[in-house]
Amino acid sequence: MIIPKIYQANQVEDKWYSHWLKKGYFHSEPDNRKPYTIVIPPPNVTGVLHMGHMLNNTLQDVMIRRARMQGFNACWVPGTDHASIATEAKVLNKLSEKGIKKEDLTRKEFMKHAYEWKDEHGGIILEQLKKLGASCDWDRTKFTMDEDMNESVIDVFIDLFNKGLIYRGVRMVNWDPAAQTAVSDEEVIHKEIESKLYYISYEIENSDEKITIATTRPETILGDTAICVNPNDSRFKHLKNKKAIVPLINRIIPIIFDEYVDMEFGTGALKITPAHDINDYEIGDKHNLETIDILNNDGTLSEDAVLYVGKDRFEVRKEIAKKLKEKGCLIKSEGYTNKVGFSERTDAVIEPKLSMQWFCKMTELSKPALEHVMNDDIKLHPPKFKNTYRHWMENVKDWCVSRQLWWGQRIPAFFYDGNKFVVAKNKELALELAKKENPKITISDLHQDEDVLDTWFSSWLWPISVFDGIRNPKNKEIQYYYPTNDLITGPDILFFWVARMIISGYEYRNKPPFKDVYLTGLVRDKIGRKMSKSLGNSPDPIELMNKYGADGVRVGMLLCAPAGNDLPFDESLCEQGRNFSNKIWNAFRLIKGWEIKDIDQEQASIDGIKWFENKLYHTIKEIDISFSKYRISEALMLTYKLVWDDFCSQYLEIIKPEYQQPIDKETYNKTILFLENILKLLHPFMPFLSEEIWHLIDERKSDIIITKWPEAKSIDKQLINEFNNTMEVVSGIRNIRKEKNIAKKEELDLFVISDKKTKNNFDSIIKKLGNLSSINYTSNKVENSFSFMVKASQYFVPLSENFDKDAEIEKLNKDLNYTTGFLKIVENKLSNKKFVENAPKQLVENEKNKLEDAKEKIRILTEKINSLS
RNA sequence: GGGCGAUUAACUCAGUUGGUUCAGAGUGCCUCCCUUACAAGGAGGAAGUCGGGGGUUCGAGUCCCUCAUUGCCCA
């Protein structure tokens, strides 16, 4: 068989993926095995794969593949999210390119366009996940706007309404003037920006006096309905019961007193615009102030503003400042840094705005969700997120669930007789309810609410609704798969999504939706910036996979991804992943190239096998521990080192036959066995490569994807330590070769003065890796030789020529100095009475041993130096 | 402004209850080697007063206080 020198990822990946699909390995049905379930964080239906998805889904695939191999009934449910704002914005963009505006369309027509868009672009991302190797159960693919999913959402809304947890009301909401919808608090991103603080003076009615306020938003003076000062502020006490005059429009407004006002800030006087600031709104509410809404839904000024009607608020800000200056009302303006809210989806500046919305009461609903995370029924990894979570849950606010959009589940509220409404699954049922109030109502009198529900109002049910557990709470699937095991997602949606799933999980199943939450970091670029389309700093994952292989990219992602830490992504990591693929490939190539013969086994091979067996089982144990702690990158690194250092650099070199010589059967078989185990350990990380080699080793029917995960066995730790000493001896020899420029091919003799305590049973290995002609035990030091020590044993390599006495003495002196210093430290420790009295016995004992060893070493070194000089 | 973290080698990070195995890993860097699986490789090597300052202790990277820098969440 001719095996190429380099692993060709692109030639094997598709083959194996379709093979796995054909065999139905990804598909899961309830049976009598234990389930292991993951639901995917559904990506936006029209989105494309970015690095965050890569990380996320690689992790999920690692977990699910390992669980599958461990014998669980592994089920990974894929799907997509309808992402109401994002998708609707995209559809509208597309339509406006064709010259179509939303106003020109009926709701029905719009939905038709939206579905067309969804059918065209939806699911691209799922196809991309296949390239990554994601072993999702594609038969279970869900979409948050599937018929059954919609029904679950509506059922839940009605249920919560009937429980009195849904209400409708005028509240200050975060208004996105670009998308023209309300958004939730969580969808507002506060950014610090450089702006200006304007000092504007208002005349006091019937007086020559003026009062100056400071504001960052001068355009809102048109909506002012009061000026507020602190009652404790002596500067303003005389203004009680006075009125001020709003500049430009000359509206007369009261001066009110409230302790809310910070006397230190600005001038100590605050303008109050109840319609456009949440704090002003609360003050307005308290003092019964008039509310003047000066903004239209698109962020332009409304009729109520009187001036600048129809102009955008930012333009007005500039113009009004100029105008105020002309009028002498603008005292000054100064640079000021403040925080402004931006829409997560459209990046528009959010306007606080009063509007009629639907809300979900959260206080009671969220109690179990807080409790069960605090008592670790649900564990967050890393645990530092527990604090953040608690803080949020303890201050949870009611959830604004309505959106002024069309793409989504329409709120099942039906209006009649003006503002009266009923909540029901459909118009017919609504009519029945309405008739109880007003028997004369007919179906044509009912009008359904125009708003849709927040996207998260469907995704918070995801772990339940994908198994139809809302509509059919007792069905076999939900009983079997729920609660799911692990949720793997980014920390940016901890509150949007994770917390709410926990809330709904307890409300509707009385059980957590998952047991463990693994929060990844955010993928950043090399210099720490968040990856984003606009910065153009995000590599195309598909291209990366073409370049480095899916396995290479998977490894690259995981190498730098400890839980909860942001990961600075660099393409060179994928390169490392690819190099690793190649390393494994070549190890396989070496083994496969050997001729197998019925010959005697070399001693080095016997010893090497004994050691590696122990090392392997020891590492498996460590890997399992890392997995159990959700330290995935650590598990990968352990595997990486097992393969590269232990298996390739050491084991294979130990058993490798001479050039073009055959290998004995026993060693070969063992080696194949080891390789197979290694491939199994690699499979979750590198599914394609491991499957490919698995089948190249041997023609066989079984696939690695469903083989049993190797089990850790008890090991001989002493033997592993001994081997480490052995490798130190080998290093010592290699060092001498390097320092003295001795070719590797030249055989050397080694003399040993053995220290009985550090016995070494691996002479065969030292001989082979050191390329020695002999190892001789002696009790006398060897003249004219280079030497080194491992523990308390001395090793000599005699060399008649090239012997540099002075250099040798210098080296020995260096060692002597170090050891003398070390001895001093130990002596100090032991002469400290308090240490000897208080420290554990074992520790003191060890220190005493160290003391003896150091003394012995010094004795030997001194002797050597004396004999040389 | 409030809350929660972080600060360990050039970079990215480990470091469990203070004490053998504590100053580590990977990458990068330096030296030598195209040697017969792999140059996408091999062998060897250098590199850190564990952010600063105090404290507790026989003993602190680890616990406490404080300052600095920095990130995230919330207002």
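The chains referred to below are lettered A, B, ... by the order of the sequence lines, with proteins before strands, and numbering in each begins at 1.
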Using a distance-only criterion (donor-acceptor N/O pair, under 3.5 Å, no hydrogens), is the base of [N] paired with the side chain of [X]?
| X | N | result |
| --- | --- | --- |
| A/Lys384 | B/C4 | no |
| A/Glu653 | B/A43 | no |
| A/Lys656 | B/U36 | no |

[atom1] gap between [N] and [M], integer Å:
| N | M | atom1 | value |
| --- | --- | --- | --- |
| B/A14 | B/A6 | P | 10 Å |
| B/A10 | B/A68 | C1' | 23 Å |
| B/G61 | B/U8 | C1' | 7 Å |
| B/A43 | B/G53 | C1' | 45 Å |
| B/C50 | B/C63 | P | 16 Å |
| B/A47 | B/C30 | P | 16 Å |
| B/G28 | B/U70 | C1' | 24 Å |

Task: Within the 6.0 Å centroid threshold, strictly below: A/Trp585 and A/Phe588 - done: yes
- [ ] Flag the pair A/Phe674 / A/Phe647 as yes when their ring centroid distance falls below 6.0 Å, and as no otherwise.
- [x] no
Looking at [options], which one has an atom nearest to any side-chain atom of [X]?
| X | options | result |
| --- | --- | --- |
| A/Lys583 | B/A37, B/G44, B/G3 | B/A37 |
| A/Arg734 | B/A25, B/C4, B/G44 | B/G44 |
| A/Phe495 | B/U36, B/A37, B/C74 | B/C74 |
| A/Asn387 | B/C4, B/C38, B/G26 | B/C4 |
| A/Lys738 | B/G44, B/A75, B/C73 | B/G44 |

Looking at [X], I'd like to know whether one of its side-chain N or O atoms comes within less than 4.0 Å of OP1 or OP2 on [N].
| X | N | value |
| --- | --- | --- |
| A/Trp644 | B/G42 | yes |
| A/Arg578 | B/A40 | no |
| A/Asn579 | B/G41 | yes |
| A/Asn735 | B/G45 | yes |
| A/Tyr640 | B/U27 | yes |
| A/Asn586 | B/G41 | no |
| A/Thr388 | B/C72 | no |
| A/Lys5 | B/A40 | no |
| A/Lys744 | B/C32 | no |

What contact category does [X] fall into here, base, sugar-phosphate, or nothing, at under 4.0 angstrom with non-hydrogen atoms?
| X | answer |
| --- | --- |
| A/Arg737 | nothing |
| A/Glu394 | nothing |
| A/Lys717 | nothing |
| A/Ser581 | nothing |
| A/Ile6 | base |
| A/Glu634 | sugar-phosphate |

Has the side chain of [X] got a donor or acceptor atom that lies under 3.5 Å from a matching backbone atom of [Y]?
| X | Y | answer |
| --- | --- | --- |
| A/Ser626 | A/Glu634 | no |
| A/Arg589 | A/Ile584 | no |
| A/Asn582 | A/Tyr7 | yes |

Considering Watson-Crick and G-U wobble pairs with both distances under 3.5 Å, what does [N] pair with?
| N | answer |
| --- | --- |
| B/G24 | B/C13 |
| B/U57 | none |
| B/A68 | B/U7 |

TODO: Scan side-chain atoms only and decide if A/Glu571 and A/Tyr548 contain a donor-acceptor pair under the 3.5 Å cut-off.
DONE: yes
- [ ] Could you say whether A/Phe580 or A/Met637 is positioned toward the 5' end of RNA chain B, judged by the nucleotide with the nearest heavy atom to each?
- [x] A/Met637
Task: Heavy-atom check, side chain of A/Val62 versus side chain of A/Phe627, under 4.5 Å - done: yes
